[in-house]
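One structure is given below, encoded as structure tokens.
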Protein chains: 2
Amino acid sequence: MSQPSTRAIPEPTLRRLPAYHEFLKKLRAQGKTLVSCTHISEALGVYSTQVRKDLAVTGIVGRPKTGYDIVELMRSIESFLGWDDRRSAFLAGVGSLGSAILGYRGFESHGLNIVAGFDTDPGIVGTEVHGKTILHLDRLTGLARRMHVHMGIITVPADVAQDVADRMIAGGIYAIWNFAPTSLRVPDNVVVQNENLASSLAVLSNRIANREP
Amino acid sequence: MSQPSTRAIPEPTLRRLPAYHEFLKKLRAQGKTLVSCTHISEALGVYSTQVRKDLAVTGIVGRPKTGYDIVELMRSIESFLGWDDRRSAFLAGVGSLGSAILGYRGFESHGLNIVAGFDTDPGIVGTEVHGKTILHLDRLTGLARRMHVHMGIITVPADVAQDVADRMIAGGIYAIWNFAPTSLRVPDNVVVQNENLASSLAVLSNRIANREP
DNA sequence: TAGATTGTTAATCGATTAACAATC
DNA sequence: TAGATTGTTAATCGATTAACAATC
């Protein structure tokens with residue numbers, strides 16, 4: 001096709017692609033060079049037809065009877081998920097969770113570059129956490145605009161999350177990764193990804209209650 | 001009906017209930033006593049019919065024209081999600097993310113009691129982190145069995161996550177909250193909730209690419 | 001009563017699963 | 001060639017959305 005597809009990629013597919021990539025990394029470390037959907041299917045508990053459809057969105061083409069080239073498939077996933085790019089992000093709220101995220105090296109290989117942390121605590125502002133400079137929250141809006149940062153990570157308590165989101169949006173940030181347990185009001189052109197641990201815990205607890213013993 | 005319903009609660013419903021609860025907390029703080037589904041619907045961006053169905057699973061009954069009593073509804077959600085109970089859990093991997101989770105006070109009100117942390121680093125073993133004792137990983141299996149702990153939280157690097165999961169299961173743990181970016185092989189009677197930040201980032205990045213400017 | 005809201009049933013939509021044709 | 005595997009189309013399933021009846 002000559003024009004870019006407008007059909008949205010299903011969210012479950014997007015969530016599975018990194019898991020496939022992780023599995024492929026293991027296979028590659030074992031010296032394997034080829035993989036079939038059946039193989040991935042058995043390892044991750046996803047129907048092989050589903051795996052095939054998921055992989056297809058990345059543009060990879062497999063070979064009947066042999067499967068996919070592992071390195072080629074990994075590159076295809078990386079490029080599709082934008083792991084080759086560098087997206088700059090600001091993080092607000094350098095508490096224990098914020099510090100953990102600042103220090104997580106895994107994001108670097110996923111195209112995410114957290115360039116600075118922001119907080120209001122005078123004991124933290126001006127220091128470095130995991131090599132990242134911590135600045136006062138009052139500087140977030142201006143710096144986001146000046147540095148063309150478009151992604152924000154919110155790790156502040158729930159009661160100040162909306163204020164932080166407003167400051168981010170005022171600075172031109174249009175993608176927010178929200179770890180505060182509260183929903184944010186944002187304009188239509190701003191995308192928010194909520195990371196709610198209470199929700200995940202609710203799912204796990206319910207599965208415990210309904211599990212076969 | 002006289003026997004307990006066997007129909008599983010939809011996962012999206014379970015994920016939304018804590019968000020409703022959070023919103024109700026705000027309303028209560030404002031001195032409100034009643035709430036309608038329309039009100040919740042507008043605040044959280046969920047269709048009011050959906051809200052009504054979600055709330056119904058908790059057993060709450062509303063009153064036409066008036067809506068739901070906020071305090072009663074909060075209690076209904078809390079009781080349905082098991083937030084009145086006390087589930088003991090062990091956490092393995094006291095790095096930055098593990099420490100953050102050990103220190104997160106929000107879990108206490110959600111029925112989760114992390115009783116101890118485990119690690120192999122001699123510099124951490126024997127200390128306390130956020131008031132929780134850190135023990136050597138070798139003691140996890142035995143203590144889980146002796147203390148009847150059935151939930152485990154994995155915050156170790158991907159390459160040792162499977163080993164930690166095996167130790168947990170050997171100790172009688174049958175619910176695992178996995179923060180390591182790898183999928184775990186577990187027996188059928190063990191439930192696993194994967195918390196994969198790379199997956200969430202993939203969804204957010206894709207939404208950025210497809211967003212209306 | 002009239003009207004707002006709940007609760008429920010039906011229709012729609014989208015993802016998963018199954019069936020099968022194409023291909024190396 | 002035969003058979004394993006991909007790629008695609010059709011069927012199923014489950015959640016969301018819409019329609020509407022019940023009720024205070």
Side-chain angles (χ1 to χ4, degrees), chain A residues 1 5-17 19-20 23-24 27 32-70 72-74 76-77 80 199 202-203 206-207 210, chain B residues 1 5-17 19-20 23-24 27 32-70 72-74 76-77 80 199 202-203 206-207 210:
Chain A
M1 53 194 141
S5 169
T6 54
R7 190 175 42 192
I9 306 297
E11 177 167 328
T13 295
L14 292 169
R15 300 197 78 95
R16 282 187 296 260
L17 285 174
Y20 298 152
F23 177 62
L24 294 170
L27 291 186
K32 307 261 174 65
T33 58
L34 291 170
V35 66
S36 72
C37 286
T38 319
H39 193 176
I40 298 177
S41 167
E42 283 163 5
L44 301 197
V46 178
Y47 278 84
S48 65
T49 340
Q50 186 70 76
V51 174
R52 226 166 279 131
K53 282 190 181 174
D54 288 343
L55 299 183
V57 307
T58 71
I60 189 92
V61 174
R63 291 222 311 276
K65 179 146 180 172
T66 52
Y68 303 85
D69 179 85
I70 289 176
E72 189 191 345
L73 182 50
M74 290 179 75
S76 184
I77 293 174
F80 177 77
S199 292
V203 174
N206 186 263
R207 285 203 199 133
N210 295 16
Chain B
M1 52 195 141
S5 169
T6 53
R7 189 176 41 192
I9 307 296
E11 177 167 328
T13 295
L14 291 169
R15 301 197 78 94
R16 282 188 296 260
L17 286 173
Y20 299 151
F23 177 63
L24 294 170
L27 291 185
K32 307 260 174 63
T33 57
L34 291 170
V35 66
S36 72
C37 287
T38 319
H39 193 177
I40 298 177
S41 167
E42 283 163 5
L44 301 197
V46 178
Y47 278 84
S48 64
T49 339
Q50 185 72 75
V51 175
R52 226 166 279 131
K53 281 189 182 174
D54 288 344
L55 300 183
V57 307
T58 71
I60 189 94
V61 175
R63 290 222 311 277
K65 177 144 183 176
T66 51
Y68 303 85
D69 179 84
I70 290 177
E72 190 191 345
L73 182 50
M74 290 178 74
S76 183
I77 293 173
F80 177 77
S199 292
V203 174
N206 186 263
R207 285 204 199 133
N210 295 15

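- Straight-line distance from the CD atom of Q50(B) to the C1' atom of dT12(C): 14 Å, rounded to whole Å.
- Within the 4.5 Å cutoff, side-chain heavy atoms of L27(B) are placed close to those of H39(B).
- Taking atom CD of E11(A) as the reference point, atom P of dT16(D) lies 12 Å away to the nearest angstrom.
- Across the protein-nucleic acid pair, L14(A) atom CG and dA15(C) atom P stand 10 Å apart, rounded to whole Å.
- Within the 4.5 Å cutoff, the side chain of L14(A) has heavy atoms near those of the F80(A) side chain.
- With dA15(D), dA15(C), dG7(C) as the candidates, the nucleotide lying closest to the side chain of Y68(B) is dG7(C).
- The interatomic distance linking L17(B) (CG) with dA15(D) (P) rounds to 14 Å, in whole Å.
- Phosphate contact (OP1/OP2 of dG7(D), side-chain N/O of R52(A), threshold under 4.0 Å): absent.
- The nucleotide whose nearest atom lies closest to any side-chain atom of K65(B) is, among dA15(D), dT16(C), dG3(C), dG3(C).
- Where K53(A) and P64(B) meet DNA chain C, the nucleotide closest to each residue was compared, and P64(B) sits on the side nearer the 5' end.
- Between I9(B) atom CD1 and dT16(D) atom P there is a gap of 13 Å when expressed in whole angstrom units.
- For the pair E72(B) CD and dT6(C) P, the computed distance is 13 Å after rounding to whole Å.
- The side-chain heavy atoms of V51(B) and L44(B), taken from C-beta on, include no pair separated by under 4.5 Å.
- Residues M74(B) and L24(B) share a closest heavy-atom pair of CG-CB, 3.6 Å.
- Between the side chains of T58(A) and S76(A), at least one donor-acceptor pair of N or O atoms lies under 3.5 Å.
- The nearest whole Å value for the distance from the CG atom in L73(A) to the C1' atom in dT6(D) is 13 Å.
- Annotation: side chain of E72(B) is in contact with side chain of I60(B) (closest heavy-atom distance under 4.5 Å).
- When side chains are defined from C-beta on, K53(B) does not count as touching T13(B), because their heavy atoms never get closer than 4.5 Å.
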For this session: Could you check V46(A) against Y20(A) for side-chain contact (heavy atoms from CB on, under 4.5 Å), going step by step and ending with a plain yes or no?
Result: CA-CA 10 Å; V46(A) 178; Y20(A) 298 152; 3.8 Å; yes
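- Using a 4.5 Å heavy-atom cutoff, the side chains of V57(B) and L17(B) are in contact.
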Seminar exercise, completed: Encoded 5' to 3' (Watson-Crick or G-U under 3.5 Å; [ ] crossing; | other strand), DNA chain D becomes ..||||||||||||||||||||||
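- Using a 4.0 Å heavy-atom cutoff across all strands shown, R63(B) reaches sugar-phosphate atoms only and no base atom.
- Where T66(B) and A56(B) each meet DNA chain C at their nearest nucleotide, the meeting point lying more 5' is that of T66(B).
- Within residues 33-48 of chain B, the residues having any heavy atom under 4.0 Å from DNA chain C are, by residue number, S36(B), C37(B).
- Closest approach to the R16(B) side chain among dT6(C), dC24(C), dT16(D) is made by dT16(D) (side chain taken as heavy atoms from C-beta onward).
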